[in-house]
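Everything below concerns the one structure shown next.
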Number of protein chains: 2
Amino acid sequence: MSQTVDRALSILPLLAEGPADLGQVADRLGVHKSTALRLLRTLHGHGLVYRQADQRYRLGARLFALAQEAMENLDIREIAHPHLVRLNESCGHTVHLAVYEEHEVLYIDKVESRYPVRMYSRIGKPVAITVAAVAKLLLADLSDTERRALAEQLDYPLYTARSTPNAAAFLRELDKVREQGWATDLGGHEESINCVAAPIRGADGRVAAAMSVSAPNVVVTADELLTLLPQVRRTADAISGEYSGRTPVKETPA
Amino acid sequence: MSQTVDRALSILPLLAEGPADLGQVADRLGVHKSTALRLLRTLHGHGLVYRQADQRYRLGARLFALAQEAMENLDIREIAHPHLVRLNESCGHTVHLAVYEEHEVLYIDKVESRYPVRMYSRIGKPVAITVAAVAKLLLADLSDTERRALAEQLDYPLYTARSTPNAAAFLRELDKVREQGWATDLGGHEESINCVAAPIRGADGRVAAAMSVSAPNVVVTADELLTLLPQVRRTADAISGEYSGRTPVKETPA
DNA sequence: ACGGTCGTTGCAGATAGCGCAACGCACCAG
DNA sequence: CTGGTGCGTTGCGCTATCTGCAACGACCGT
């Protein structure tokens with residue numbers, strides 16, 4: 001791998017923590033200031049870092065544009081979105097769409113009806129992989145060896161008393177999820193939040209994405225939320241059909 | 001500037017257009033395949049590029065995470081957001097927050113009340129710089145020389161009959177905006193959409209951001225929208241006060 | 001079975017990046 | 001006013017690092 005590029009890219013997560021000046025960047029990279037300067041200049045030239053008035057560097061605007069374009073190229077989001085909206089309109093709860101990528105699970109879409117909450121709040125942020133219902137579905141579909149390897153190298157933070165405690169428990173849960181074709185997270189991430197999730201499959205039958213409905217205890221009990229399962233599964237299946245090309249996109253008029 | 005890094009970063013916008021295979025990347029970079037491979041591998045190692053099932057490359061997940069973190073470091077967004085929400089609740093229209101950076105104006109926040117529209121729709125995407133009300137405010141605050149230089153090198157696309165047609169007209173408009181301390185876009189970008197905008201200033205009095213309220217003709221006429229101007233300016237001033245540290249963040253209880 | 005395409009690897013040569021040291025500048029204290 | 005310190009910046013010589021080549025292997029369609 002390319003040393004220079006490697007160093008340059010290491011600057012990005014570093015700046016993500018907050019603005020930094022040349023010296024700090026050079027130190028944390030373990031290179032001479034002049035080297036750091038050249039790297040920063042190159043990043044700057046591509047708009048990935050921005051030099052603010054006090055001469056310190058921070059992440060730049062092009063990053064948004066790139067992330068945005070990357071989003072738009074995820075055709076599954078395109079297809080799924082109207083379905084998610086419809087489900088949200090019918091049940092009123094938060095609806096998420098997530099994919100697995102490179103040992104991470106991340107939300108790529110979200111519909112939230114009630115509040116004009118910060119919209120981008122969670123989109124793009126890695127999901128609590130050991131407990132989230134969508135994560136279980138996505139990981140359950142990996143091959144045996146991949147699943148095992150991944151389960152071993154994960155951390156199992158105890159968000160709540162009901163969080164998945166270790167690799168063994170996680171693998172058991174994945175087997176169960178794989179078996180039944182849907183998943184839940186009942187207070188495993190936030191004590192008062194429950195989710196039901198269903199898989200979205202591509203033409204090859206593999207799980208391409210997962211969607212979930214989440215609601216806090218105070219609005220509906222876990223049991224009540226579970227009654228939505230058939231609806232969630234139907235929505236997921238509809239998306240699967242469209243995504244895999246089985247269902248024509250246009251509805252046939254009566 | 002660093003050639004290697006330069007080449008590597010050039011891959012990102014290229015992939016933003018859509019997935020590409022090794023050969024395509026190498027061709028468009030004008031380098032040998034083996035070189036492109038090494039660069040892609042390095043990008044991949046940092047999660048900026050993802051290799052999909054068909055071996056083609058596309059932009060990766062880390063990009064979202066980075067863009068997201070970059071967002072969160074924009075403290076002006078943090079401060080402004082509740083004000084934007086409040087304004088939105090009171091008038092019901094779409095509210096935008098934008099900043100100027102590196103010859104571009106981009107939205108960094110947006111509150112839209114009516115529909116559960118695709119939330120990230122426009123955030124992060126460059127704004128139509130020659131016509132948008134927020135863009136006029138942000139550019140009007142640049143120094144004379146900067147303004148002139150920028151105005152010259154811009155394109156002036158005629159989105160509608162009322163779009164700013166050329167550099168001279170644009171500079172006149174900027175002078176006017178600078179003078180009056182607020183700006184409008186009356187059908188200059190989309191025939192049926194009008195905006196009113198006001199500047200947000202930092203401690204040094206310079207314009208740090210701009211906010212606007214937008215609404216389509218069919219909902220309110222341009223004249224009606226203009227009656228909101230005082231409210232928009234008050235909101236912007238409130239944000240300015242808080243951002244520049246003049247106003248204590250906590251309200252003093254009566 | 002065979003040619004074509006595509007991704008991958010090892011290598012030798014030379015380019016391009018590296019760290020050093022010195023400079024300019026702003027700020028501060030005496 | 002002057003000497004000192006802490007920045008970012010520059011030019012340069014050395015060599016580590018990247019490059020392009022050529023050959024390999026996998027896959028696919030004919």
Subject >> salt_bridge(A/R178, A/D144) N-O dist < 4.0 Å >> reply: no
**OP:** Specify the separation, in whole Å, of atom CZ of A/R38 and atom P of D/dA16.
**Re:** 16 Å
Subject >> Terminal contacting nucleotides, 5' and 3', DNA chain C versus chain B (heavy atom, 4.0 Å) >> reply: C/dG7 to C/dG17
Original post:
Is the shortest side-chain N/O distance from B/R7 to OP1 or OP2 of D/dC18 below 4.0 Å?
Top reply: no
Original post:
Between B/T35 and D/dG20, does any side-chain N or O lie under 4.0 Å from OP1 or OP2?
Top reply: yes
Original post:
How would nucleotides 4-15 of chain D be written as a contact map, 5' to 3', with B for base contact, S for sugar-phosphate-only contact and - for no contact, using protein heavy atoms under 4.0 Å?
Top reply: ----BBB-----
**OP:** Give the rounded distance in Å between these two atoms: CG of B/L29 and P of D/dG20.
**Re:** 10 Å
**OP:** Take the protein atom CE of A/M1 and the nucleotide atom C1' of D/dA16, then report the distance between them rounded to whole Å.
**Re:** 19 Å
Original post:
B/I108 versus B/L106: any side-chain heavy-atom pair under 4.5 Å?
Top reply: yes
**OP:** May I ask you to decide if the ring planes of A/Y156 and A/F170 are parallel, tilted or perpendicular, using 30° and 60° as cut-offs?
**Re:** perpendicular
Subject >> Euclidean distance, A/L37 CG relative to A/H44 NE2, rounded to 0.5 Å >> reply: 11.5 Å
Original post:
Does the side-chain contact (heavy atoms from CB on, under 4.5 Å) test come out yes or no for A/M211 and A/V134, once each step is laid out?
Top reply: CA-CA 6 Å; A/M211 57 171 294; A/V134 287; 5.6 Å; no
Subject >> Minimum heavy-atom distance B/A151-B/A167, with the two atoms named >> reply: O-CB, 3.6 Å
Original post:
Got B/E173 and B/T130 here, is their nearest side-chain heavy-atom distance under 4.5 Å?
Top reply: no
Original post:
Do A/D21 and A/Q55 have side chains that get closer than 4.5 Å, going by heavy atoms?
Top reply: no
